[in-house]
Structures are given as structure tokens and as C-alpha cells.
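Only one structure is covered here, and it is reproduced in the block below.
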2 protein chains.
Amino acid sequence: MAKGKAESVSELVSPLPRYLEIQRDLQARIASGQWIPGSRVPAEHELQAQYHCSRMTVNKALSALAKAGLIIRRRRSGSFVAMPRSQETILNIQDIKAEILAKGKAYRFEILTRQERAMTTDDALQLRVTPGGRVLALSVRHFANEHPFVVEDRLMNLAIVPAAREERFVVSPPGTWLLDVVPWTNAEHVIQAELADQRIATLLGIPKKSACLAIERRTWQGDATITWVRLTYPGDRHQLTSHFRPGGPLIP
Amino acid sequence: MAKGKAESVSELVSPLPRYLEIQRDLQARIASGQWIPGSRVPAEHELQAQYHCSRMTVNKALSALAKAGLIIRRRRSGSFVAMPRSQETILNIQDIKAEILAKGKAYRFEILTRQERAMTTDDALQLRVTPGGRVLALSVRHFANEHPFVVEDRLMNLAIVPAAREERFVVSPPGTWLLDVVPWTNAEHVIQAELADQRIATLLGIPKKSACLAIERRTWQGDATITWVRLTYPGDRHQLTSHFRPGGPLIP
DNA sequence: TCGGTTAATTTGTCTATACATAATAGGCGA
DNA sequence: TCGCCTATTATGTATAGACAAATTAACCGA
């Protein structure tokens with residue numbers, strides 16, 4: 001078997017790489033419950049014989065399943081179907097401009113306040129850095145089809161993003177601008193429910209003390225905090241949704 | 001170079017596989033901004049020469065980066081540093097029992113209501129199935145250190161989980177029990193903010209019309225809905241947090 | 001100049017082989 | 001019987017070579 005590819009005619013009807021075929025097949029058996037959690041997966045050399053391919057191909061499929069958490073592999077012992085994991089979900093918190101445009105709505109934003117200042121104690125706390133240096137504080141209101149969509153309160157660390165000092169944020173809002181300008185390596189999200197205070201109520205055009213969804217995000221580049229932002233959405237009009245397939249996007 | 005492994009003595013001080021070394025190295029260059037988004041990554045044969053290894057090893061590193069979304073690969077064109085992605089975050093919505101125990105608090109739950117019934121139109125809507133069959137409707141209150149923590153309203157599709165009919169949920173709450181009993185393949189989450197109604201306020205021991213964080217989850221096995229659940233947390237006492245490294249857990 | 005054909009490049013997949021590593025099972029001696 | 005050594009097994013990593021597929025670049029004729 002010195003050929004590069006499969007010899008079967010089925011290749012013509014299924015242009016799927018061999019390792020993916022195997023991967024899906026095994027995944028289906030796990031998902032269907034045919035192989036229950038804890039049970040043993042055939043060894044590589046067995047699958048190699050079953051699927052009529054080399055061990056490396058089988059290994060690629062099994063490694064992917066292991067990385068996705070569907071199976072657990074131990075040397076000498078073998079591979080085993082993993083227990084169902086804790087319910088992880090991938091939340092896609094998009095850039096606001098993209099989010100609104102994706103809904104087919106007209107997007108507009110306005111800068112409410114803009115202040116460059118020496119970092120206050122509160123600022124340092126929010127950014128989780130030692131005080132010192134300067135920050136840019138911004139408040140922005142985003143509109144979808146001319147309706148208030150979300151209020152954004154942001155702090156930018158000018159030590160990391162000095163270019164922001166000159167930026168007027170005319171074409172792109174601060175969040176979008178930052179994504180384009182600064183590479184980030186780490187982010188943290190906190191999601192909370194809270195009541196609208198007077199300012200938020202006015203800005204969003206909702207009654208005072210109605211429910212709001214607040215998303216706070218801190219973004220780092222290495223150890224340095226780039227920005228802190230708080231997004232306040234009307235709770236009844238906005239919701240975060242997400243789908244999850246265990247094993248991740250194995251079948252894209 | 002017909003040997004299986006590296007020949008350098010550095011192997012002794014760095015027990016890191018070759019492909020991971022390369023992967024991390026490239027990742028560092030991307031994260032640091034040394035290679036800006038859009039710029040070209042050296043071709044496989046170049047890296048192969050640079051790192052003094054085979055193309056397969058380089059390929060493994062690059063493929064992993066591509067799968068993680070850090071680079072984009074196109075045949076004939078080459079590999080390019082990807083633009084910063086939309087802000088995805090991995091939300092770890094744990095099993096409630098595990099969540100409370102992880103905080104070092106005592107866990108207790110009580111079944112408030114339990115009703116087995118023919119599926120109503122509303123039930124079918126929540127479960128997103130065509131009406132027919134029977135469901136088990138449950139309301140549960142979970143306590144952390146004897147303080148009300150969350151209210152759970154659940155529908156279980158008895159067509160998929162007939163065993164639930166006999167289950168009294170004495171040792172494990174329904175959510176934990178389900179995780180142990182039924183393999184699931186798909187889940188959907190919706191997160192919302194809303195005001196506490198009279199029932200929720202009483203059950204959670206909070207004022208009426210205070211902010212609550214509501215998480216709804218639908219869980220499937222293949223095409224069949226297993227369960228629908230709505231978790232209502234006090235908004236000021238609970239928050240969802242998550243960290244994110246672009247490229248996922250490449251450096252575990 | 002335009003348009004299509006051909007060649008070159010780069011990634012994608014696969015094979016066969018080799019040695020390393022971890023962990024278990026079994027045997028053997030004290 | 002206990003503890004140690006050894007053989008076995010399964011996975012982990014790595015290599016060299018091969019062909020496939022998809023683009024892009026170059027070329028060439030009308």
C-alpha cells in the first residue's frame with residue numbers, strides 16, 4: 001500500500017479525508033450512546049485494520065477527539081470514552097458594530113463623553129493595574145435603527161494604546177477601533193443583571209429600575225491591561241445566546 | 001536524519017515536544033505583535049529548515065494554530081496571521097451542585113413541585129418538539145450554606161428519558177442526575193436579565209422587582225430534546241465570569 | 001491586450017517506519 | 001507474601017517520501 005490516497009471508488013462520492021471520516025464515525029458512536037462513557041475505544045492498531053489505513057491516520061483522528069475532550073487516552077491502558085463534561089458553552093460576544101449590522105439594522109454611535117486624565121484610584125482598580133500613567137475615559141451610545149441599543153463605558157490605558165489620544169473615533173467606535181489597532185492576548189468577561197439607574201434609563205430610553213444585562217470586559221496584552229469596558233443592555237430587549245456541541249466544531 | 005527524536009542535549013532540559021515548541025514560538029510572535037495581522041507566516045519548508053525538523057512536524061504546529069484561528073492557511077498562497085477574531089469566550093456553566101461545592105459552601109436542594117403530565121402546547125414550545133407524549137415538570141430550589149441560591153424550573157421529555165419517571169431525586173438534583181444518566185450531544189443557552197416576580201422573590205428571599213439573571217438551556221440528544229431548564233439567579237449575588245485566550249488552551 | 005493554457009508553489013493528506021514513554025502484568029527471588 | 005525487575009502493550013512523537021488539490025504566476029497565441 002504505497003499509494004498516497006485511498007484506492008476505493010467511494011473516494012469519488014465522499015471527498016472527505018480519511019482521518020475525518022474515522023473521526024466522525026467514532027464521534028457518532030459516542031454521541032449515539034453506542035459506546036457509553038467509560039467504555040474502551042479500540043486500540044490504534046485495531047482501528048488501523050478496521051479502516052484499512054495507517055496508524056498515523058487513526059492517530060490523527062483519535063488525537064483530535066482527545067483534544068476535544070470526547071475521549072481520554074492513556075499510554076499502555078488505551079483510549080476511553082470520556083464522561084460528559086461540565087456544561088461549557090462558547091459565548092460569542094461580538095463587536096457591537098458587527099453585531100448590529102449582522103442583524104440587518106442600521107448602525108450609528110455617538111460619543112457622549114470623552115476625557116483624558118491621570119489615572120485615578122478607581123481607574124487603576126477597574127484596569128487592575130498599579131496607579132500611574134494616563135487613561136482615556138469614554139462613554140458611547142450605540143444605536144440600532146436609531147433606537148438606543150447599548151451604553152458603553154470604557155477606560156483605555158494610554159500607556160499601552162498611546163494612539164488613542166489622537167483618535168477622534170469618527171468612523172469606528174472605540175471597541176472596533178481597538179480590535180483593529182491593538183493585538184490582544186487575554187480577556188475576561190463578567191456578566192450580571194442589574195437595575196437601570198437614572199442615567200442608563202435615560203440613555204437607553206427605558207423606565208428606571210428596569211432589568212439590564214451588564215457585560216464587563218477587561219482585555220490584556222500579555223500582562224498589561226489594554227482596556228476595561230462595561231456594556232449595559234436593556235434586559236428585555238437583549239439576550240446572549242450560544243450553541244454547543246461537545247467536542248467543539250469537529251463537524252464544521 | 002533517520003533518528004526518531006531530536007539529537008540535541010537541550011532535550012534533557014526541555015521535555016517539550018518539538019511541534020509544541022514551534023507552535024508556542026509562532027504563537028508568541030503573533031501575540032506580541034511581531035507578526036501583525038495579515039502578514040505572511042514563513043512557508044512550511046522554510047520553517048522546516050529554520051527549526052531543523054521534518055515538514056510533518058511543522059505542519060502539525062501550523063495546523064493547530066489554524067484550527068485555533070490564529071492563522072489562516074490557503075494552498076499555494078501560504079499562511080497568514082489572522083485578523084483578531086470576534087470576541088469569543090468560553091462560558092463554563094457548571095452543574096449547580098458542583099458549582100456550589102466548588103465555592104466551598106454546603107449544598108442542599110429541595111423539590112418544590114413535581115408533576116408528570118401529558119405534554120401541553122406550552123411544553124412543546126419550550127422543548128421545541130411537536131406535541132405528544134409525556135413530560136415531567138419540576139421546580140427545584142438550590143441552597144448554598146442554607147441561603148437560596150437559584151430556582152430551577154425544568155421540563156424533561158419522558159420519551160427520551162423514561163427513567164426519570166421512577167426517579168425521586170433524593171441524592172442528586174435533576175440536573176446532576178441527567179448529566180450522569182443521559183449522554184447529550186447539543187445544547188443551547190440563552191442568558192437574559194429580568195425582574196423578579198412574586199414567586200421568584202419569595203423563593204430567593206429577595207425584594208420583588210429586583211434584577212435577576214435568567215439562564216435557559218435546552219439540551220438535545222441528536223434531534224430529540226432531552227430537557228429544557230430555566231435557572232433564575234439573584235442578579236446582585238450571582239455573576240458569570242469567563243477568561244479567554246485567543247487560540248484556546250494551546251498552552252495548558 | 002485579452003484570454004486561456006501551462007508551470008510552479010504551497011498546503012493537505014497519507015504511508016511506512018522508528019524509537020520513546022508510560023503503565024501494566026507477570027515472574028522471580030528473598 | 002512482598003517488593004523488585006522485566007516484558008509487553010498502547011500511545012506519543014518524529015522522519016522521509018509521495019501524491020493530491022488549489023491557486024497563483026508566467027507564458028503564449030490570437
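Each chain gets a letter, A, B and so on, in the order the sequences are listed, and its residues count up from 1.
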Can you pull every protein N or O that's under 3.5 Å from an N or O on nucleotides 8-10 of chain C?
residue : atom : partner : partner atom : Å
C/dA8   : N3   : B/Arg76 : NH1          : 3.1
C/dT9   : O4'  : B/Arg76 : NH1          : 2.9
C/dT10  : O2   : B/Arg76 : N            : 2.9

Per nearest nucleotide of DNA chain C, the residue lying toward the 5' end, B/Val41 or A/Gln48, is B/Val41
Rounded to whole angstroms, how far apart are [atom1] on [X] and [atom2] on [N]?
X: B/His52; N: D/dA14; atom1: NE2; atom2: P; result: 15 Å
X: A/Glu21; N: C/dG12; atom1: CD; atom2: C1'; result: 16 Å
X: A/Ile72; N: C/dA23; atom1: CD1; atom2: C1'; result: 16 Å
X: B/Ile22; N: D/dT13; atom1: CD1; atom2: P; result: 13 Å
X: A/Asn59; N: C/dA16; atom1: CG; atom2: P; result: 15 Å
X: B/Leu20; N: D/dG12; atom1: CG; atom2: P; result: 13 Å
X: A/Arg55; N: D/dA14; atom1: CZ; atom2: P; result: 13 Å
X: B/Leu62; N: C/dT13; atom1: CG; atom2: P; result: 13 Å

> Is the centre of the A/Tyr107 ring less than 6.0 Å from the centre of the A/Phe149 ring?
Replying inline: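 Here the rings of A/Phe149 and A/Tyr107 have centres that are no less than 6.0 Å from each other.
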Check the phosphate of C/dT13 against A/Thr57, side-chain N and O only, distance under 4.0 Å to OP1 or OP2. Yes or no? no
task: Report yes if a side-chain nitrogen or oxygen of B/Tyr19 is closer than 4.0 Å to either non-bridging phosphate oxygen (OP1 or OP2) of D/dT13; otherwise report no.
output: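 Yes, such a contact exists.
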With sequence neighbours left out, the residues meeting salt bridge (charged side-chain N to carboxylate O under 4.0 Å, His left out) with B/Arg74 are none
Could you work out, with salt bridge (charged side-chain N to carboxylate O under 4.0 Å, His left out) as the rule, every residue matching A/Asp25, not counting sequence neighbours?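 Here the qualifying residues are A/Arg29.
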### Message
Nearest to the B/Cys53 side chain among C/dA16, C/dT13, D/dT15, which nucleotide is it?
### Response
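Closest of the options to the side chain of B/Cys53: D/dT15.
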Sequence neighbours excluded, the answer for side chain to side chain donor-acceptor pair (under 3.5 Å) partners of B/Trp228 is B/Glu216
Return a table of donor-acceptor pairs under 3.5 angstrom between the side chains of residues 97-106 of chain B and protein atoms on other chains or two or more places apart.
none

Is there any salt bridge (charged side-chain N to carboxylate O under 4.0 Å, His left out) pair reaching into residues 166-180 of chain A, and which pairs are they, with sequence neighbours excluded?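 Residue pairs with at least one partner in residues 166-180 of chain A: there are none.
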The single option from A/His45, A/Gln48, A/Glu44 that satisfies side chain to side chain donor-acceptor pair (under 3.5 Å) with A/Arg55 is A/Glu44
